[in-house]
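First the structure, in the form of structure tokens, and then the observations on it.
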Amino acid sequence: MEKERKPKNIFVQGAISPEKIAHSIANHSSKTDIGGHSIFLGQIRADEKPEGKVIAIEYTAYEEMALEKAFEIREDIFSKYPLTCMHIYHSLGKINVGEICLFVFTSSKHRKAAMQACDELVERIKAELPIWGKEILDTEGHVWKVNS
Amino acid sequence: MEKERKPKNIFVQGAISPEKIAHSIANHSSKTDIGGHSIFLGQIRADEKPEGKVIAIEYTAYEEMALEKAFEIREDIFSKYPLTCMHIYHSLGKINVGEICLFVFTSSKHRKAAMQACDELVERIKAELPIWGKEILDTEGHVWKVNS
Amino acid sequence: MSQTITIKAFGMVAEKIGSAELTLENPGTLLALKNQLATRFPELKEMKFGFALNKKMLTSDSVIPVGAEIALLPPFSGG
Amino acid sequence: MSQTITIKAFGMVAEKIGSAELTLENPGTLLALKNQLATRFPELKEMKFGFALNKKMLTSDSVIPVGAEIALLPPFSGG
């Protein structure tokens, strides 16, 4: 019988630490049917805007809807690619430039599935999850982030 | 003036630890023009062969040629994609199942370049670097790894 | 049975209307709600945003059920 | 000037010929070297491998320069 998957929390308060990423990787060493892991990390960029320089992004979300949607995306990707594991973490709150705000992690027997699934997950997370980034500027103002 | 790049050592004796990966990620927090990191990790699989079950892979390489070729691949990829950073690490020696033997890490302003470059790097590393994996079996025999 | 609905606003929309949550009499349909919001918050007219009804995106006019939660969602910018 | 060349064998080829490095008189061309190796190590006939001359892959017959390093390379299987 296939294991029933339930919505998991994807939100992390504050930045995602490299230690958390290391810990997550280490957790997979007992899954010896995995041959490849693909990881994407989003890092806060010190963009120059006409209004000032970005020093942090403050993320908010419609959390209940985002978790339902993330679950739907997860199920879609699991049914499309032969994956062993899939993990999504997104920061909420204020994340400073140079810090990690998104961590997407896919694992599979052969590398292609992990890579393609990771790529598709990142696209869908950016396009479909109700999350908003407020770019905090060094001029004390802010602008709302726009995904391209 | 553009910085001249020189061949770098890509070889690591033994498995690549999650801590090394975390350290490598953390090193990029000061590069605030980076918006996305793409990482691929190769992990040793406990494959079932007709001759027995894989318990480790022992990697050897024609190191001087591999480093020259890796440098050439690096230059190609840097000229093709707008990357901020690129790192390649491959294990030599005996790596047990569940351990990491390949770590490819690309970073760029926008995610697409990092992802595509990482994908292409992994393909080229597998196809073009003179590295060989001897799969050690639980029957005390071995078979030579074949890349598909 | 209460005829109120809950409006949740996010991101730039919440900033514009100065509130993240409102309770309104149910205007019956999404179109009626849009008109009501436009009258009450004229600054919304220049903004691009979508609607979710009970956590599902709405792509066309809809009847709003009793006790619904309607969210005003500016373009997503996660990641 | 010495007319010897160095042969380096790797992976399955090194295993078959029982040695990772040999010194030979320079047979002059890659084709001549192939024939010489086939005579000395008949077991190589069933194996698939390529040649590198001074760390560059060879795709056709070539003159072998003095002091060259020729590598016998079975299919790569890194990663």
Side-chain angles (χ1 to χ4, degrees), chain A residues 15-48 53-57 84 96-112 114-116 118-123 125-126 147-148, chain B residues 15-48 53-57 84 96-112 114-116 118-123 125-126 147-148:
Chain A
I16 295 161
S17 70
E19 292 70 33
K20 181 187 173 69
I21 298 164
H23 190 71
S24 194
I25 294 167
N27 277 344
H28 291 74
S29 66
S30 59
K31 303 201 173 172
T32 58
D33 54 340
I34 293 175
H37 302 288
S38 191
I39 292 174
F40 177 80
L41 303 174
Q43 180 168 305
I44 307 293
R45 235 177 21 233
D47 272 358
E48 299 278 358
K53 189 173 173 178
V54 174
I55 56 169
I57 296 184
T84 311
N96 295 318
V97 293
E99 292 184 324
I100 307 289
C101 60
L102 174 63
F103 171 27
V104 177
F105 187 10
T106 53
S107 310
S108 56
K109 187 169 182 190
H110 299 288
R111 70 189 181 283
K112 282 286 174 199
M115 286 175 151
Q116 287 167 3
C118 186
D119 197 347
E120 198 168 321
L121 266 173
V122 174
E123 292 305 312
I125 287 165
K126 290 190 170 242
N147 277 358
S148 52
Chain B
I16 296 161
S17 70
E19 291 69 33
K20 180 186 173 70
I21 298 163
H23 190 71
S24 194
I25 294 167
N27 278 344
H28 291 75
S29 66
S30 58
K31 303 200 172 171
T32 57
D33 53 340
I34 293 175
H37 303 286
S38 191
I39 292 174
F40 178 79
L41 303 174
Q43 181 169 305
I44 307 293
R45 236 178 17 234
D47 272 359
E48 299 279 357
K53 189 173 172 178
V54 174
I55 56 170
I57 296 184
T84 311
N96 296 318
V97 293
E99 292 184 323
I100 307 288
C101 60
L102 174 63
F103 170 28
V104 177
F105 187 10
T106 52
S107 310
S108 56
K109 187 169 182 191
H110 299 288
R111 69 188 181 284
K112 282 286 173 199
M115 287 175 152
Q116 288 167 4
C118 187
D119 198 347
E120 197 168 321
L121 266 173
V122 174
E123 292 305 311
I125 287 165
K126 290 190 171 241
N147 277 358
S148 51

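Within every chain, numbering begins at 1; the chains are lettered A, B, ... in the order of the sequence lines, protein sequences first and strands thereafter.
- Two residues are said to be in side-chain contact when any heavy atoms from C-beta on lie closer than 4.5 Å; B:Lys112 and A:Asp119 meet this criterion.
- Here the side chain of B:Arg111 pairs no donor or acceptor atom with the backbone of A:Gly42 at under 3.5 angstrom.
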Anything under 3.5 Å between a donor and an acceptor, one on a side chain of residues 23-35 of chain A, the other on a protein residue two or more places apart or in another chain? List them.
| unit_1 | atom_1 | unit_2 | atom_2 | d |
| --- | --- | --- | --- | --- |
| A:His28 | ND1 | A:Ser24 | O | 2.6 |
| A:His28 | NE2 | A:His87 | NE2 | 3.2 |
| A:Ser29 | OG | A:Ala26 | O | 3.1 |

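- Of residues 96-105 of chain B, those residues lying under 4.5 Å from chain A by any heavy-atom pair are B:Val97, B:Gly98, B:Ile100.
- B:Phe40 is listed as a side-chain neighbour of A:Met115, based on a closest heavy-atom distance under 4.5 Å.
- Going from atom CD of B:Gln43 over to atom NZ of A:Lys109 covers 14.0 Å, rounded to the nearest 0.5 Å.
- Within 6.0 Å of NZ on A:Lys53 lie no more than 12 heavy atoms contributed by other residues, nucleotides or ligands.
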